[in-house]
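Whatever order the structure lists them in is the order used to number ligands and atoms, beginning at 1. Values in this document were obtained by computation on a predicted structure and should not be read as measured data.
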Amino acid sequence: MHTLLVQFTDLHGVAKGKWVPLAHLADVLANGAGFAGPSIAGTGLGRSGPHSEYYARGDAGTALPLPWMPGVARIVGDGFVDGQPFEACPRQVLRRAVARLEARGWRLEVGIEPEFFLLRRQVGSYVPADDHDRLDKPSYDLKSLPRQAPFLHALREALEACGLDVLQLDHEDAHGQYEVNFAHAEALASCDRLMLFKLAAQALAEARGMVFSMMPKPFADQPGSGMHFHVSLWERPASGGQGGQGGRCLFDAAALGGLLSPLGRQFVAGVLAHAPALCALAAPTVNSYKRLTVGESLSGTTWAPASIAQGPNNRTALVRTLAGRFEWRLPDASANPYLACAGLIAAGLDGIERGLEPPPDVTDDLFDLPLSALRARSIGQLPQSLAEAVAALAADEVVCGALGPALTRQFIALKTDEWTRYARHVSAWEMARYAEMF
Ligand code: GLU
Ligand code: MG
């Protein structure tokens, strides 16, 4: 081992960092690797003075050799500025949220399920990397899956070598789309693992001449990529210490003969109550809203939620309840996992603190119901654009409170700018529709 890859995550959920020779490990642990703060998206740091320097201070427990990069070990950094935890570092944001759970003797277990595309660059565009992957209904396709075996097995081996328990790999419902699942872990560790997965998948795809893409909806006529969170709340074992496994699942309702305990239902109620604001964190790009469409999409069933509803094993709802846990189906592959998770915790805790009751269980196929029927049942719809979602975030004190004022300000400014640039762009669709129309 000769080099540390000191990695942190910027506001957009992108892995950033630098290589530091291993000889400087002690400094990385004590002070951190230094970066020019304003060069990192979303810090809002100035260009001079002690407040311009961003330090990614290594979290010793995260250090792991990277199997695909011999001699290099990745260590996850927490943001520090001027010797203090940096308020607008996404990992610090999640640390604060986790601390609120810890203060109650709780921990959140999260299983994050990334879906992604393997693409090939074409002049001015991208196409699925596998030219033969063109079935009408490609979900679980065992003909095209083996064609990506060298990549998928290398990815599994790399993740396993990093201690992840890989549960399954499959072909998803779009051409060139796959999903890899690994076992759940405590919220912070789970987000670190998701970032590790992104690093591994990107490197291994590139080595094979492919583009690994977590764009939420690359093709209008195909389903997009979700990044569902499986969520359960646990009592920290009395003597298990930090991050310990085990303890009692506080969402378990087996004794009551149900899926979720009253506490679990309150948590879900909070997640639904804050759904519009959470959208900005869980579906944070212009493109995200092409996945979260209300009504018919060009690809038929996309399995992406649009309705603010919950139901037992209901994959058409925003929250799918299961025994002792729930699946939060809102996040897409472009979400910053730390921010999405921190928002989720704040919303869930708000549901618990206010003793909220979720809306009635929905057992219908929500994709089949017309908007009028949904309205008649008071089932709300998610924001349908990034602009709407950002406005909902700005109006939500609970979720903004979890992010903290500095990150909230930065997030809203960057995302408003992203929306404005998109809105001002003249697309190929507009040219085709309007150039000769009038
Ligand atoms: N791709 C779907 C989404 O965007 C999810 C499909 C599934 O349930 O696995 O959320
Ligand atoms: Mg899936």
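- Checked by distance only, ligand 1 and Gly224 come closer than 3.5 Å through their nitrogen or oxygen atoms.
- No N or O atom of Ser225 sits closer than 3.5 Å to an N or O atom of ligand 1.
- Contact annotation for Glu113 and ligand 1: no heavy atom of the residue comes within less than 4.0 Å of the ligand.
- Inclusion of Arg329 in the set of residues having an N or O under 3.5 Å from an N or O of ligand 1 is warranted.
- Among the candidates Arg208, Gln202, Met210, the single residue satisfying the side-chain contact (heavy atoms from CB on, under 4.5 Å) test with Glu206 is Gln202.
- Not one N/O/S atom of Glu113, from backbone or side chain, sits under 2.8 Å from the Mg ion (ligand 2).
- Checked against a 3.5 angstrom limit, the closest N/O atoms of Arg291 and ligand 1 fall inside it.
- Under a 4.0 Å criterion applied to the non-hydrogen atoms of Thr302, ligand 1 contributes the atoms 1 (N), 2 (C), 3 (C).
- At the shortest separation from atom 7 (C) of ligand 1 among protein heavy atoms lies Glu115 OE2, 3.6 Å.
- Phe35 carries Lys18 over the face of its six-membered ring, with the cationic atom under 6.0 Å from the centre and within 45° of the normal.
- Of all N/O/S atoms in Glu179, OE1 sits nearest the Mg ion (ligand 2).
- Phe267 pairs with exactly one of Asp350, Leu250, Ile352 by the side-chain contact (heavy atoms from CB on, under 4.5 Å) rule, that one being Ile352.
- The Mg ion (ligand 2) has no N, O or S atom of Asp173 closer than 2.8 Å.
- Of all N/O/S atoms in Glu172, OE1 sits nearest the Mg ion (ligand 2).
- Results of the side-chain contact (heavy atoms from CB on, under 4.5 Å) test with Trp303 over Arg315, Glu172, Arg291, Glu115 single out Arg315 as the only residue that passes.
- Residues Tyr54 and Phe8 place their aromatic rings such that the two centres sit under 6.0 Å apart.
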Start with the C-alpha distance between His230 and Arg325, add both sets of side-chain angles, then the distance that settles side-chain hydrogen bond (donor to acceptor under 3.5 Å, both in side chains), and finish with yes or no.
CA-CA 7 Å; His230 282 257; Arg325 71 176 198 276; 3.0 Å; yes

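- Summary: OE2 is the N/O/S atom of Glu115 found nearest to the Mg ion (ligand 2).
- The shortest N/O to N/O separation between Pro305 and ligand 1 does not fall below 3.5 Å.
- A side-chain contact (heavy atoms from CB on, under 4.5 Å) with Ser307 is found for exactly one of Asn314, Ile379, Leu371, namely Ile379.
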Report the C-alpha distance between His171 and Asp133 in whole Å, list the side-chain angles of each, state the deciding distance to 0.1 Å, and finish with yes or no for side-chain hydrogen bond (donor to acceptor under 3.5 Å, both in side chains).
CA-CA 10 Å; His171 194 294; Asp133 180 1; 2.7 Å; yes

Evaluate the criterion salt bridge (charged side-chain N to carboxylate O under 4.0 Å, His left out) for residue pair Arg377 and Asp364; output intermediate values, then yes/no.
CA-CA 12 Å; Arg377 288 168 60 178; Asp364 313 68; 3.0 Å; yes

